[in-house]
K.L.:
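Here it is, the structure, as structure tokens.
Both backbone and side-chain heavy atoms feed into the values below; hydrogens, waters and symmetry mates do not. Just so it is clear: chains get the letters A, B, ... in the order the sequence lines come, proteins before strands, and each one is counted from 1.
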Number of protein chains: 2
Amino acid sequence: MQLDNRKKEVLHAIVDDYVSTNEPVGSKSLIERHNFQVSSATLRNDMAELEHMGLIEKPHTSAGRIPSDKGYREYVNSLMTIEELSPREQLEIEKRIDSSVDEVTDLIKNATHTLSEATGFVSLAMSPRLRKSFLKQLKILMIEPGKALVIMVLSAGVVKDKVVRIPNFISDEQIMKISGAIEKNLTGKPLDEITLVTVETAGKGTEVPEPLLKQVLYEAYAAIKQADELNIYLEGEHRILELPDFSSLGRARDLLGTLSDSGMVAGYVNEMENSRDHSTDDSFMIRIGQEIALEGLDDCSFITATYNLTDSVSGNIGVIGPKRMLYSKVISQIDFVKKKLNKEMQRFT
Amino acid sequence: MQLDNRKKEVLHAIVDDYVSTNEPVGSKSLIERHNFQVSSATLRNDMAELEHMGLIEKPHTSAGRIPSDKGYREYVNSLMTIEELSPREQLEIEKRIDSSVDEVTDLIKNATHTLSEATGFVSLAMSPRLRKSFLKQLKILMIEPGKALVIMVLSAGVVKDKVVRIPNFISDEQIMKISGAIEKNLTGKPLDEITLVTVETAGKGTEVPEPLLKQVLYEAYAAIKQADELNIYLEGEHRILELPDFSSLGRARDLLGTLSDSGMVAGYVNEMENSRDHSTDDSFMIRIGQEIALEGLDDCSFITATYNLTDSVSGNIGVIGPKRMLYSKVISQIDFVKKKLNKEMQRFT
DNA sequence: ATTAGCACTCTATCCCTTCGAGTGCCAACA
DNA sequence: TGTTGGCACTCGAAGGGATAGAGTGCTAAT
């Protein structure tokens with residue numbers, strides 16, 4: 001069945017009212033608050049149909065209706081209109097992000113924090129996916145016998161390092177030879193094309209005894225792989241408790257419990273990113289309620305956008321909030337933060 | 001008034017019972033659960049006196065008694081006996097911390113996580129206070145025109161780095177000269193004795209034009225100062241919600257709100273550390289309820305111990321849990337984790 | 001297709017009662 | 001003087017109606 005115009009308006013109105021009042025909405029209050037040119041009985045008929053179609057539901061027989069996941073989905077896909085943030089709100093966000101940090105990571109954390117403050121929800125960001133960026137420099141610095149620091153400068157303007165163990169009796173000079181060889185042969189190679197074999201090949205020809213060489217090369221490889229690992233930044237978890245939607249302790253507990261396993265959340269965001277439809281240039285991903293395959297997020301919506309550090313290096317930033325949220329507002333907030341982030345990131349590349 | 005022996009036993013019993021049942025304890029149940037050789041009426045008299053002394057209080061006229069902050073304090077100071085962890089528990093902790101990480105920071109995070117899991121409370125750790133450690137190496141690595149990485153190796157076995165801005169047109173060679181000069185002159189100096197002036201003096205004599213030199217020296221100084229900054233690691237905030245003590249949403253919200261400002265918590269821990277009584281070798285700090293000068297922690301106890309990375313470089317690790325906790329158990333857990341941490345840290349120095 | 005009217009449903013809220021654990025105090029006792 | 005049994009009293013928690021109010025579905029009329 002198709003939604004005729006009035007039914008669309010009714011659904012739109014129900015979502016709006018429910019979002020703003022947090023009470024199931026009935027046919028009568030719908031008439032009161034909106035300019036429907038029909039009677040409440042007519043709306044009741046419409047609502048019965050919307051319910052039949054699975055777009056709204058009632059908590060109990062004699063209560064008003066609330067949107068179902070499917071209803072929110074319809075609202076987000078076809079009904080709502082995104083409006084720009086007010087200049088005031090824009091300014092507020094720009095002011096908080098502008099801080100002239102020197103590292104991309106700080107910029108991202110900064111943006112995440114700002115987003116959480118602006119929306120009042122939990123916000124999160126993934127670190128840039130660096131597998132498509134390539135090595136610009138790689139140095140190995142001896143720290144003390146048996147310990148060295150591998151420093152990598154990547155094309156995306158990111159610096160990574162890792163402390164590694166090396167053989168105790170290897171000399172400074174030997175380390176420098178190896179480091180030079182790796183750098184010479186691997187510079188320009190994207191991280192996802194660097195394997196243990198590549199590194200070992202790159203290090204061949206170095207005049208360093210085999211077992212020593214092999215261990216250092218392995219550690220260098222491990223450092224490079226670690227640089228490629230994804231991090232997730234979560235902010236504002238405590239704001240959950242301010243929301244009436246999570247006033248039932250149990251829900252709040254489940255949600256925070258799940259969020260505390262940041263690895264799992266990161267994995268999920270990654271999965272979302274991979275299944276994203278890249279054919280459109282719309283970089284938003286929206287998951288509503290049960291669409292989210294994480295425990296305890298049944299009452300949440302999960303919205304992320306993709307930011308770009310370079311053409312081929314990107315990450316995600318977004319929020320986890322209650323399903324009952326002002327979608328149009330939140331989406332423009334995320335969009336604005338994302339754009340600001342993209343702009344600021346140009347400084348680094 | 002002095003506490004006679006029986007009153008001590010009564011207080012002890014009240015704390016124990018309240019901790020284990022989470023219900024105000026009355027004279028009758030006290031008799032039932034413990035082997036007092038007197039009647040409940042006698043205990044009632046004792047309890048009235050304990051209340052008069054401010055050690056216990058009643059939620060309402062006709063309820064049992066619960067320990068006051070002062071009562072817990074007395075319990076912690078004089079009544080409880082610390083028992084060792086069972087071998088089983090020890091093993092559990094050792095297993096989780098043993099992981100052979102290569103950086104001190106990871107080790108600390110690891111320990112913090114373990115402590116939170118073991119206690120079921122929020123745990124936290126401060127990064128080592130590095131001001132007494134000294135520079136062993138300082139390198140400045142050019143990343144790209146206008147950007148460099150300052151790398152510092154400290155005596156405590158810690159590596160720190162920071163991306164800094166440098167003049168666009170400075171040469172690799174000039175940077176190396178400056179870096180060499182700083183390293184040569186400042187190696188061996190404790191961080192807290194390094195000031196902007198010290199760094200500028202160290203860099204004198206370098207054959208680099210004044211304004212360029214000055215900016216690089218300033219950035220190097222800033223990097224050193226940043227290495228000295230304290231970090232705090234918090235773990236397991238979500239566990240708060242599992243505790244019956246914080247089932248009243250409002251309290252949980254206040255607590256998590258306060259904890260979300262990690263800078264503030266860090267400042268408080270620092271203050272505690274500074275006011276610690278260093279004359280005894282007891283490295284525990286215990287703050288109960290209102291003794292904690294942080295909003296929303298009225299129902300909490302805050303217990304930390306001091307770990308040592310080297311003789312002069314230390315940090316704190318501990319928990320924030322409900323006042324109504326098994327103090328002896330929690331203290332031995334912290335103690336055990338701290339000792340394990342100290343042991344593992346020897347690898348790094 | 002829309003509407004007015006009506007009987008029905010279900011929850012939230014308030015009030016009242018009852019129950020029980022606990023207290024304080026008093027008088028008696030060792 | 002410290003201890004005890006007894007007793008009246010207090011207060012919160014739990015349970016049981018009763019009521020009000022918002023909302024629904026259905027029917028018959030327009």
K.L.:
Starting at atom CD1 of A:Ile66, determine the distance to atom P of D:dT24, rounded to an integer number of angstrom.
P.N.:
13 Å
K.L.:
How many Å lie between CD on B:Glu49 and C1' on C:dT23, as a whole number?
P.N.:
16 Å
K.L.:
Starting from C1' on C:dA21, measure out to CE on B:Met47 and report it in whole angstrom.
P.N.:
12 Å
K.L.:
Does anything in residues 11-26 of chain B come within less than 4.0 Å of DNA chain C? Heavy atoms only, and list the residues if so.
P.N.:
B:Gly26
K.L.:
Polar pairs (N or O, both sides) under 3.5 Å between protein and nucleotides 10-13 of chain C?
P.N.:
unit_1, atom_1, unit_2, atom_2, d
C:dC10, O4', A:Ser62, OG, 3.3
C:dC10, O2, A:Ser62, OG, 3.0

K.L.:
State, without any angle test, whether B:His34 and B:Asp17 hold a side-chain donor-acceptor pair at a distance under 3.5 Å.
P.N.:
yes
K.L.:
Just by distance, with hydrogens left out, do A:Ser29 and A:Glu32 show a side-chain donor and acceptor under 3.5 Å apart?
P.N.:
no
K.L.:
Can you tell me if A:Ser283 and A:Lys338 form a side-chain donor-acceptor pair at under 3.5 Å?
P.N.:
yes
K.L.:
Do A:Leu256 and A:Thr258 come within less than 4.5 Å of each other through their side chains, counting heavy atoms only?
P.N.:
no
K.L.:
Do A:Ser123 side-chain atoms and A:Val319 backbone N/O form a donor-acceptor pair below 3.5 Å?
P.N.:
no
K.L.:
Can you check the A:Arg65 CZ to D:dG23 C1' distance for me, whole Å?
P.N.:
9 Å
K.L.:
Going by an N to O cut-off under 4.0 Å, is there a salt bridge joining B:Arg73 and B:Glu291?
P.N.:
yes
K.L.:
Does B:Ser29 place a side-chain N or O at less than 4.0 Å from the phosphate oxygens OP1/OP2 of C:dA21?
P.N.:
no
K.L.:
Can we say B:Glu271 and B:Arg276 salt-bridge, meaning some charged N sits less than 4.0 Å from an Asp/Glu carboxylate O?
P.N.:
no
K.L.:
Over how many whole Å does the gap from B:Lys7 atom NZ to D:dG2 atom C1' extend?
P.N.:
10 Å
K.L.:
Could you check how far CD1 of A:Ile31 sits from P of C:dT2, rounded to whole Å?
P.N.:
12 Å
K.L.:
Just the rounded figure in Å: distance from C1' of C:dG22 to CZ of B:Arg33.
P.N.:
14 Å
K.L.:
Whole angstrom is fine here: how far is it from CG in A:Leu30 over to C1' in D:dT24?
P.N.:
14 Å
K.L.:
Looking at B:Lys58, I'd like to know whether one of its side-chain N or O atoms comes within less than 4.0 Å of OP1 or OP2 on C:dG24.
P.N.:
yes
K.L.:
Listed in order of residue number, which residues of residues 34-45 of chain A have a non-hydrogen atom at under 4.0 Å from DNA chain D?
P.N.:
A:Arg44
K.L.:
Salt-bridged, A:Asp254 to A:Arg251, with N to O below 4.0 Å?
P.N.:
no
K.L.:
Measuring from atom CG of A:Leu115 to atom CZ of A:Arg96, what distance do you get when rounded to the nearest 0.5 angstrom?
P.N.:
12.0 Å
K.L.:
Quick one about B:Ser301 and B:Arg287 (side-chain donor to acceptor, distance below 3.5 Å, no hydrogens or angles considered), yes or no?
P.N.:
no
K.L.:
Does a salt bridge link A:Glu57 with A:Lys70, judged by any charged N lying under 4.0 Å from a carboxylate O?
P.N.:
no
